[in-house]
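Values in this document were obtained by computation on a predicted structure and should not be read as measured data.
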Amino acid sequence: MRAIWTTLIVCVSVTAFAADPFVFRDVGEQAGIFPHAAGLRGHGSAWGDVDGDGWPDLFVATFHNAGSKPAVFLRNEKGKFRLDSQEHLRTTGMGSGALFADFTNSGRLDLYVSVCSHGSKKGDPLFEVPNYFFRNDGGGKFTDVSKESGACPSLYEGRGVAALDYDGDGLLDLLTCEQYYSPKVKVGPVLYRNLGGHRFENVSAKVGLPLGYGGLCCLAADMNSDTWPDIFLTSGAGEHRLYLNDQKGKFREATGVNEVLRWSNAKGEDTPAGACVADVNRDGLPDIVIGHHFKTPWITPIPIRLYLNRGVKNNEPIFEDITEAAGLEPLLLKAPHVEIQDFDNDGWPDILVSIVKFKDGQPHPLIYKNLGVREGLPRFKEEVWTLNDFPDEEDRKQRSSGKLFTKILEEKKIIYMAPCATSDFDQDGKLDMFLPSWWIESPSLLLRNETPGGNWLQVSIEGTSGVNRMGIGTKIHVSPAGQSNVTSRIASREISIGYGYCSGQEAIAHIGLGKAERVDLAIELPHGQGKLTKKNVAVNQRILVQP
C-alpha cells in the first residue's frame, strides 16, 4: 500500500536525555479549567479533538447528585480551556465513562457517555437516566441522538466504554460494561454493532459475550497477534475474562488464562477496577496491568497487578503474573485507574496509577518508572510513598473511608481519583494527565508533565479502504533507523481508546525514543489489511499516516 506522511507538529529537539524523577505541575488555574472543574464529583473523563483544530478538548462526567455540578465540557484553545456553551452536554445522572470516537468515518468525533444509577433509588429522578450519545455535526456542535441510536438503554449500570471494529467492516463498534454490584437485573457487557448513521444493534449474545457479567472495565486489543481485536473484561469477583475474535464475527473465551488472571482476594467491595494493555518489555507482545478498588488498602495494602505476555500457543496468549518480581509493591490507597505510558520519553513505558501525593505544595502522581529488562523481566521502581508519612498509626486504625478521606483532604498530602486520562494537551511532546476530583471540596488536577526526558514521536492513522478512519487497532513498531529488527526495537504500540478506569484517550500512539534521533516504523493495519514501513523518520514530531 502507498502511505502518505504528513507532519502535523514539530517541536524543538531535546538535546540530552536525563533520567531525573518525574516532574509534574498543576496548571489547572492558569490553563482555565477553573472554576468549571471545581465543585463536582468527577467519575469519568475523555480527551478528543472535536473541532479538528489539532488540540484535544476535555469532557468530564460527574455524579450529578449531592451538590455536584453536571458534566463539564471544556474546549482547548492552544493549551487554554474555556467552558463550552452547549447546555445539553452538561449531562445529569450519575455519569461514569466517556469516549470521543468517529463512528461514521466522517472525521468528526462523536461523544458517548456511560451512566449508572448506583446510589439512587427507584423514584429518584436519577434512577432511570440512560446513557447519552451525541452526534458531532461539525466544529464540535453536538446533537443528542441517544434515543434513536439504540445504544442508550435505561436502567443500565454503565461504567467503562471502549471502541473497536470487531467485524472488520471499517466502522467502529461500541463496547460497554456494567458494574458488578447493581441491585437491578444486570445486562452485563454489551457490544453494539455499528449499523451506520449513528444506529447500533446489541449483538452481545449473538457474538458469544457473557450475559449478566459485572465488572468495572472493558477494553479491546489484539491479544494473540492475529490483527483482530479481542475483548478483555475485568470482574468484580476477580474472575477476569478474555474473549478472542474468531475473525468471523464471533468471540470465544480464552480459557487458558483464567487461573493466571484470577484475583482470589476479590470479594464484595474489594474489587479489581481499571485495566490497560500495552507492551512493557519491548518484545512486541501486549501485556496487562489491572488496578484495584479495595475498601481499606491502608489497613491491608494491595498491589496493582502486572501480567507479562509470554507468547501465543494454539492461538491463545500465555500470561505470567510478575507483579512482585517486577517491583510493583502493595499500595496504601485505592488505585482504580492504570495506564502504561512513557512519561519520561526514555523508550521504556512506565505504569501510572491514579494516586497523587503532595510535597511542598507540588503534586507527585504515582508512576512506576520502567527500569528496563533485567534477568528476563521488566523492572519498575516507584518513589512516591517516600515523600511523607501516610499512612500514620491513626490512619491505619481507620476503617471508615469517609472519615479517612476527610482527614487526608484537610491535610492536603495525598489523594486518589477514579479516572486519570492522559493526553499531551499542550503539544510539547510529553504526556500530561487530568484527574477529576470525586470530592466536591477538593479541586480537580490538570498535571502538566515537565519531566526532563528523551526524544519522542506521536503517530496517528487516518484509515481508508476497510480500516476505520481513527486507525483503531493499528500497531506501530519503532526501531532505530537502519536497525529494524526485534532485538533493537524501541517500542510497540497499538492505537486504542477507552482503557484504564472510566477514561477516554485520543487515538494517538505516543512513543518515547530515548536518545534515538531517527527511527524506522513498521505499521500493521487491523484485520490483515496490510503492512507499511517508513524509514529514517525524524523525531520530536507528530505525524499522520494515511494508508
Side-chain angles (χ1 to χ4, degrees), residues 25-101 108-115 126 129 131-146 161 363 417-428 432-448 497 502-506:
R25 183 164 58 93
D26 185 4
V27 296
E29 195 70 50
Q30 69 188 65
I33 71 167
F34 295 117
H36 319 299
L40 50 78
R41 293 194 185 278
H43 201 271
S45 62
W47 293 98
D49 178 10
V50 304
D51 49 14
D53 65 354
W55 297 81
D57 308 298
L58 177 63
F59 181 84
V60 186
T62 69
F63 272 30
H64 184 207
N65 68 332
S68 172
K69 293 178 179 177
V72 176
F73 180 41
L74 299 170
R75 294 292 191 105
N76 185 346
E77 298 178 339
K78 297 182 178 180
K80 303 292 183 180
F81 293 86
R82 66 171 175 83
L83 182 65
D84 186 272
S85 61
Q86 298 175 81
E87 290 284 346
H88 57 292
L89 297 183
R90 297 172 189 175
T91 58
T92 188
M94 306 181 80
S96 286
L99 193 72
F100 286 108
R108 299 189 294 267
L109 297 181
D110 307 306
L111 172 62
Y112 188 84
V113 184
S114 182
V115 177
L126 299 179
V129 173
N131 292 358
Y132 294 89
F133 199 116
F134 298 100
R135 183 186 67 216
N136 188 339
D137 294 323
K141 298 298 182 182
F142 290 92
T143 297
D144 188 343
V145 295
S146 304
V161 185
M417 310 296 195
C420 179
T422 61
S423 173
D424 182 7
F425 85 89
D426 56 357
Q427 299 189 354
D428 65 352
D432 314 299
M433 62 188 74
F434 175 72
L435 299 97
S437 179
W438 168 253
W439 293 273
I440 292 177
E441 61 272 31
S442 181
S444 301
L445 299 172
L446 178 63
L447 301 187
R448 181 177 189 267
I497 57 175
C502 295
S503 296
Q505 298 79 10
E506 293 184 275

For Gly44 against Pro436, the heavy-atom pair lying closest together | O-CG, 4.3 Å
Polar side-chain atom of Asp26 near backbone of Leu445 as donor-acceptor pair, under 3.5 Å | no
Specify whether Phe425 and Phe81 have parallel, tilted or perpendicular ring planes, treating 30° as the upper limit for parallel and 60° as the lower limit for perpendicular.
-> tilted
Sub-3.5 Å donor-acceptor pair from the side chain of His88 to the main-chain atoms of Phe134, do we have one?
-> no
Residue pair Asn131 / Val115: nearest heavy atoms and the distance that separates them | OD1-N, 2.8 Å
Please walk me through it: do Val72 and Leu83 pass side-chain contact (heavy atoms from CB on, under 4.5 Å)?
-> CA-CA 7 Å; Val72 176; Leu83 182 65; 3.8 Å; yes
Which side-chain hydrogen bond (donor to acceptor under 3.5 Å, both in side chains) pairs, counting each pair once, include a residue from residues 49-63, with sequence neighbours left out?
-> Asp51-Arg75
Between Glu506 and Pro56, is there a donor-acceptor pair closer than 3.5 Å when you use the side chain of the first and the backbone of the second?
-> no
For Arg135, check side-chain hydrogen bond (donor to acceptor under 3.5 Å, both in side chains) against everything at least two apart and list the hits.
-> Asp137
Give the minimum heavy-atom separation between Cys420 and Ser503, together with the two atoms involved.
-> N-OG, 3.5 Å
Between atom CG of Leu58 and atom CG of Asp84, what is the distance when rounded to the nearest 0.5 Å?
-> 11.5 Å
Judged by atom type as modelled, is there a donor-acceptor pair below 3.5 Å linking the side chain of Ser114 to the main-chain atoms of Ala98?
-> no
CD1 of Ile497 to CG of Leu99: how many Å apart, nearest 0.5 Å?
-> 4.0 Å
Is a side-chain N or O of Trp47 found less than 3.5 angstrom from the main chain of Ala421, in a donor-acceptor match?
-> yes
Separation of Lys69 NZ from Ile440 CD1 (nearest 0.5 Å) = 10.5 Å
Donor-acceptor under 3.5 Å (Asp426 side chain, Gly79 main chain) | no
State whether a side-chain donor-acceptor pair under 3.5 Å links Asp144 with Tyr132.
-> no
Does some side-chain heavy atom of Phe73 sit less than 4.5 Å from a side-chain heavy atom of Val50?
-> yes
Shortest non-hydrogen contact from Ala61 to Val113?
-> CB-CG1, 4.4 Å
Atom pair OG1/CG of Thr143 and Asp110 - distance to nearest 0.5 Å = 10.0 Å
If you look at every heavy atom in Leu40 and Ser444, which pair is closest and at what distance?
-> CD1-OG, 3.9 Å
Only counting residues at least two apart or in another chain, list the ones meeting side-chain hydrogen bond (donor to acceptor under 3.5 Å, both in side chains) with Arg90.
-> Glu87
Which residues pass the ring-ring contact (aromatic ring centres under 6.0 Å, His included) test with Phe434, sequence neighbours left out?
-> none
With sequence neighbours excluded, what pairs up with Phe59 under the ring-ring contact (aromatic ring centres under 6.0 Å, His included) test?
-> none
State whether a side-chain donor-acceptor pair under 3.5 Å links Gln30 with Arg448.
-> no
To the nearest 0.5 Å, atom NE2 of His43 lies from atom OG of Ser437 at 12.0 Å
Can you tell me how far CE of Met417 sits from CH2 of Trp439, rounded to the nearest 0.5 angstrom?
-> 7.0 Å
Over all atoms of both residues, closest heavy-atom pair of Lys78 and Asn76 | N-OD1, 3.5 Å
Could you list the residues that satisfy side-chain hydrogen bond (donor to acceptor under 3.5 Å, both in side chains) with Asp432, not counting sequence neighbours?
-> none
